[in-house]
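What's counted below: heavy atoms across the whole structure, side chains too, no hydrogens, waters or symmetry copies. Being a predicted model, the structure only gives us computed values, none of them experimental. Throughout, a chain's letter reflects where its sequence line sits, starting with A, and its residues are numbered from 1.
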Protein chains: 4
Amino acid sequence: MVNTIFDQLRQQEKENRRFAIVDVAEKILHDKGLEAVTIRNVAKMAGLSSGSMYMYFKNKEELLLCMLVQNLKVLKKDMDTCMDNQNPMEAIKKMAYHYKSYFIRFGKYINILSFTIREDSGFNNLNPEMVKELKDILSKLLALVQETLSAPPMKGALKGLPPERCVPVLWALIQGLVQITIPAPTPEDTFFDFDQLLEDVTHILI
Amino acid sequence: MVNTIFDQLRQQEKENRRFAIVDVAEKILHDKGLEAVTIRNVAKMAGLSSGSMYMYFKNKEELLLCMLVQNLKVLKKDMDTCMDNQNPMEAIKKMAYHYKSYFIRFGKYINILSFTIREDSGFNNLNPEMVKELKDILSKLLALVQETLSAPPMKGALKGLPPERCVPVLWALIQGLVQITIPAPTPEDTFFDFDQLLEDVTHILI
Amino acid sequence: MVNTIFDQLRQQEKENRRFAIVDVAEKILHDKGLEAVTIRNVAKMAGLSSGSMYMYFKNKEELLLCMLVQNLKVLKKDMDTCMDNQNPMEAIKKMAYHYKSYFIRFGKYINILSFTIREDSGFNNLNPEMVKELKDILSKLLALVQETLSAPPMKGALKGLPPERCVPVLWALIQGLVQITIPAPTPEDTFFDFDQLLEDVTHILI
Amino acid sequence: MVNTIFDQLRQQEKENRRFAIVDVAEKILHDKGLEAVTIRNVAKMAGLSSGSMYMYFKNKEELLLCMLVQNLKVLKKDMDTCMDNQNPMEAIKKMAYHYKSYFIRFGKYINILSFTIREDSGFNNLNPEMVKELKDILSKLLALVQETLSAPPMKGALKGLPPERCVPVLWALIQGLVQITIPAPTPEDTFFDFDQLLEDVTHILI
DNA sequence: CATGAATGAGACTTCATTCAT
DNA sequence: GATGAATGAAGTCTCATTCAT
């Protein structure tokens with residue numbers, strides 16, 4: 001009931017530890033793939049017992065969702081910085097880079113759709129609040145892109161298509177672009193080059 | 001030692017059974033999701049013992065890879081039919097539909113990247129021959145698209161970009177397009193509409 | 001060392017809190033079943049930390065034992081009120097109702113035998129004092145029944161069997177009666193009807 | 001499809017092993033109590049891996065249900081032998097003994113009601129066929145008692161109460177009787193004596 | 001060839017209990 | 001006194017894979 005200063009501290013500490021755990025989980029995700037992201041592994045790497053994991057996350061799904069949200073927040077923040085740019089085309093290119101970074105860091109392993117479109121794929125135990133938070137961030141991201149596309153120099157660039165219809169076009173493009181240019185560990189397995197492709201795309205778009 | 005007619009028959013039979021098993025696996029994949037694709041489930045549905053599965057596939061991974069190859073073959077065949085089309089733009093739209101179909105049927109569950117870029121994520125035991133076959137089909141697919149883009153009416157359409165550079169642009173676009181328009185079970189969760197988006201994209205491209 | 005007035009107060013307060021906790025535990029027991037009666041759940045519902053539970057109960061077993069004792073006390077009190085009744089047969093019927101109430105409230109979930117006959121089944125860490133208290137109440141309950149059976153109108157009712165031998169007969173009957181008439185959630189699964197059965201039993205007895 | 005002789009053998013063997021496992025489980029139940037009846041413990045004692053337990057039982061609940069059914073079958077068989085008896089009162093006494101034996105062996109630990117009245121108490125995953133079998137045996141048992149009570153010498157014994165209403169009275173009596181005379185490990189903790197009580201009850205009943 | 005019983009590691013999760021603060 | 005974070009053992013269950021028959 002009483003919200004003592006101590007409670008606040010505790011709350012803060014808990015939040016920090018959640019961050020730390022998510023960081024560890026992300027490292028495992030990146031180093032060994034999604035299958036290696038088990039409660040046990042994460043706990044061990046984070047230096048706690050697997051039982052303790054459940055103090056910070058209701059279950060494994062929540063941990064994953066947390067990772068996604070955290071990554072999206074970073075992405076959002078990165079994208080925000082692009083807004084200052086005078087040249088919207090430049091802004092969009094930068095956004096593409098940020099999305100690439102996000103994708104390689106996280107999106108490559110877990111698709112955002114798994115959470116928003118839950119269907120049956122095992123995500124049923126999620127904290128509704130967190131799901132809401134997720135959808136919020138998503139909306140804001142889309143709004144950001146739309147805003148960029150509505151800026152004067154960009155307006156009408158895409159053959160006069162209204163900005164709200166440009167957004168999905170752009171997103172699809174960037175999403176696909178990033179995906180097919182994911183760098184393989186051995187260069188000869190990497191199909192396409194991101195920078196070249198991005199150049200070509202912007203060339204076509206305007 | 002001797003390559004009798006019998007050996008050939010056996011070989012052929014084996015191949016047929018592999019097909020049959022893969023079909024079953026695919027049905028399970030689509031009906032119940034990736035998690036339900038277990039060796040046991042597939043074996044039971046196919047009417048053989050789980051032990052026998054290992055006569056046809058070295059591993060579970062190989063089964064999955066086989067599924068991918070089989071699906072890519074279908075995609076390839078579907079795409080081939082688009083070539084006849086007089087109008088390259090129409091051809092490309094049709095290709096997009098075929099890709100969508102492939103994606104919903106298979107690509108949605110298992111990303112091609114998991115196999116080509118193996119890295120770590122658990123695919124280490126693959127038959128190199130099959131991996132080679134996979135890459136072959138992939139190349140052919142890309143060649144097909146490129147061919148379409150090189151046809152006279154299309155030539156120079158994308159702001160004069162040479163066809164080999166148009167291919168990835170197009171692929172990225174379609175890949176992303178399909179991905180972000182995946183229909184959710186509840187309509188209100190489906191973010192964008194495939195047909196609308198496809199319209200807009202083609203409008204912009206030419 | 002010195003038994004100050006403060007110590008007494010503390011003692012009293014501790015006792016009160018024990019009561020409160022047991023009440024909470026009972027509510028959980030009835031609402032969600034025995035499995036939900038965990039130290040954590042009880043603590044949370046009672047508004048204290050799980051660690052603090054151990055200030056009031058040596059361990060979980062003791063909490064359960066405490067619940068039993070408290071319920072038996074209520075049963076005893078309820079039964080006491082039956083004594084006033086002029087008609088012993090009526091008194092006995094009322095007792096049966098009280099026992100039924102006790103059974104549905106508590107006995108159904110935790111059998112008294114688990115505590116008195118400890119043997120093995122996990123109850124080894126009990127406070128001997130409490131076990132003694134439990135046995136005391138039990139004795140008093142039996143004495144009560146015997147007293148009722150010794151009252152003039154009842155005397156000799158059960159074919160002249162001496163009261164002390166009637167007690168177990170009666171108890172067995174009531175215990176069994178209550179048990180086999182426990183109401184199932186769906187009426188068609190409830191085997192027998194308590195009231196009817198009670199009628200029949202009394203009809204036979206006298 | 002084809003029901004070969006081999007399949008039959010296998011079926012039989014599987015059945016036998018189920019029996020064996022149930023036996024082991026029962027031993028554990030009796031020796032260490034219900035809480036000790038874990039899949040792990042049973043598997044270890046039976047000499048298999050815990051994973052293998054799931055070849056024989058869909059889940060833990062099914063194992064328990066199986067134990068119950070098996071025990072009820074024995075009880076039923078035992079009770080059948082009582083029918084020959086010329087004297088129905090003797091038959092009933094013998095039934096009581098058999099029930100006692102069943103109760104000490106099994107009923108004491110797991111109440112039949114837990115299965116038939118499932119409510120929420122954790123039994124939700126049961127094989128409906130087995131539940132049906134359970135209810136069948138139960139019905140037959142009750143029918144048996146009723147038949148005994150309908151035999152001429154018994155007819156009208158219980159103050160003319162019709163046999164179908166005598167059944168629950170009797171069952172309640174025996175159930176309660178057995179329950180309150182359960183022998184404690186230390187004699188001084190055993191409240192009442194079964195034989196004495198049974199004598200008294202029959203004395204009263206007729 | 002084919003079978004399916006068996007394995008054993010490992011997944012998630014819960015909970016009574018302890019202990020530094 | 002009180003707290004609640006942390007533990008660690010134990011629970012149920014699944015699954016790819018092997019191997020005697």
Side-chain angles (χ1 to χ4, degrees), chain A residues 4 6-7 9-10 13-14 17 35-43 46-63 122 125, chain B residues 10 13-14 17 35-44 47-63 122 125, chain C residues 10 13-14 17 35-44 47-63 122 125, chain D residues 4 6-7 9-10 13-14 17 35-43 46-63 122 125:
Chain A
T4 69
F6 238 77
D7 284 345
L9 273 177
R10 253 198 279 275
E13 283 163 14
K14 189 162 184 172
R17 293 185 210 180
E35 308 230 323
V37 182
T38 67
I39 292 285
R40 269 225 259 274
N41 275 351
V42 177
L48 4 93
S49 68
S50 43
S52 301
M53 287 289 290
Y54 290 82
M55 301 188 48
Y56 301 100
F57 305 91
K58 202 177 117 229
N59 48 38
K60 192 188 171 185
E61 294 178 23
E62 195 164 300
L63 169 61
N125 268 330
Chain B
R10 265 200 273 268
E13 282 163 14
K14 187 162 182 174
R17 293 188 206 180
E35 307 226 323
V37 183
T38 66
I39 290 283
R40 269 219 270 281
N41 272 352
V42 176
K44 197 196 298 173
L48 35 76
S49 69
S50 46
S52 300
M53 287 288 289
Y54 289 82
M55 311 244 48
Y56 303 102
F57 304 92
K58 194 177 127 220
N59 266 314
K60 193 188 170 185
E61 296 174 24
E62 195 166 298
L63 168 62
N125 271 328
Chain C
R10 264 199 274 269
E13 281 163 13
K14 185 163 184 174
R17 293 188 206 179
E35 308 227 323
V37 182
T38 66
I39 291 284
R40 269 218 270 278
N41 271 353
V42 176
K44 195 196 299 171
L48 36 76
S49 69
S50 47
S52 300
M53 287 288 290
Y54 290 81
M55 311 246 47
Y56 302 103
F57 304 91
K58 197 178 124 220
N59 48 39
K60 193 187 171 188
E61 295 174 25
E62 195 165 299
L63 168 62
N125 270 329
Chain D
T4 68
F6 239 76
D7 284 345
L9 273 178
R10 254 198 278 274
E13 281 163 16
K14 188 162 184 171
R17 293 185 210 181
E35 307 229 323
V37 182
T38 67
I39 291 285
R40 271 225 256 271
N41 274 352
V42 176
L48 5 93
S49 68
S50 44
S52 301
M53 288 288 291
Y54 291 82
M55 301 187 49
Y56 301 101
F57 305 92
K58 199 176 119 231
N59 47 39
K60 193 189 170 184
E61 294 177 22
E62 195 165 299
L63 169 62
N125 268 330

5'-most contact on DNA chain E (nearest-nucleotide basis), D/G47 vs C/Y54, goes to D/G47
Below 3.5 Å is the cut-off: list the nitrogen or oxygen pairs between protein and nucleotides 9-11 of chain E, distance only.
unit_1: E/dA11; atom_1: OP2; unit_2: A/R40; atom_2: NE; d: 3.3

Closest heavy-atom contact between D/S50 and D/A43?
-> CA-CB, 3.6 Å
What is the distance, rounded to the nearest whole Å, between atom CG of D/L9 and atom C1' of E/dG4?
-> 15 Å
Comparing nearest nucleotides in DNA chain F, the 5'-proximal residue of the pair A/R10, C/M55 is C/M55
So what does C/F57 touch, heavy atoms closer than 4.0 Å: a base, only the sugar-phosphate, or nothing?
-> nothing
Rounded interatomic separation in angstrom, taking CE from D/M53 and P from E/dG8 | 16 Å
Of the non-hydrogen atoms in D/Y56 and D/L48, which two are nearest, and what is the gap between them?
-> CE1-CD2, 4.1 Å
Say you draw a straight line from CZ of A/R40 to OG1 of A/T38; how long is it, rounded to the nearest 0.5 Å?
-> 7.0 Å
With a 4.5 Å heavy-atom cut-off, do C/R17 and C/E13 have their side chains touching?
-> yes
Which is the 5'-most and which the 3'-most nucleotide of DNA chain F that has an atom under 4.0 Å from a heavy atom of chain C?
-> F/dG1 to F/dA6
May I ask you to verify if any side-chain N or O of B/S52 is less than 4.0 angstrom from the OP1 or OP2 atom of E/dA2?
-> no
When rounded to the nearest 0.5 angstrom, what is the spacing between CD1 in B/I39 and CZ in B/F57?
-> 8.5 Å
Has D/K58 got more than 12 heavy atoms of other residues, nucleotides or ligands less than 6.0 Å from its NZ?
-> yes
Could you write out DNA chain F as a dot-bracket string, with dots for unpaired bases, | for bases paired across to another strand, and Watson-Crick or G-U pairs counted at under 3.5 Å?
-> .||||||||||||||||||||
Report yes if the side chains of A/L63 and A/M53 come closer than 4.5 Å at any heavy-atom pair, otherwise no.
-> yes
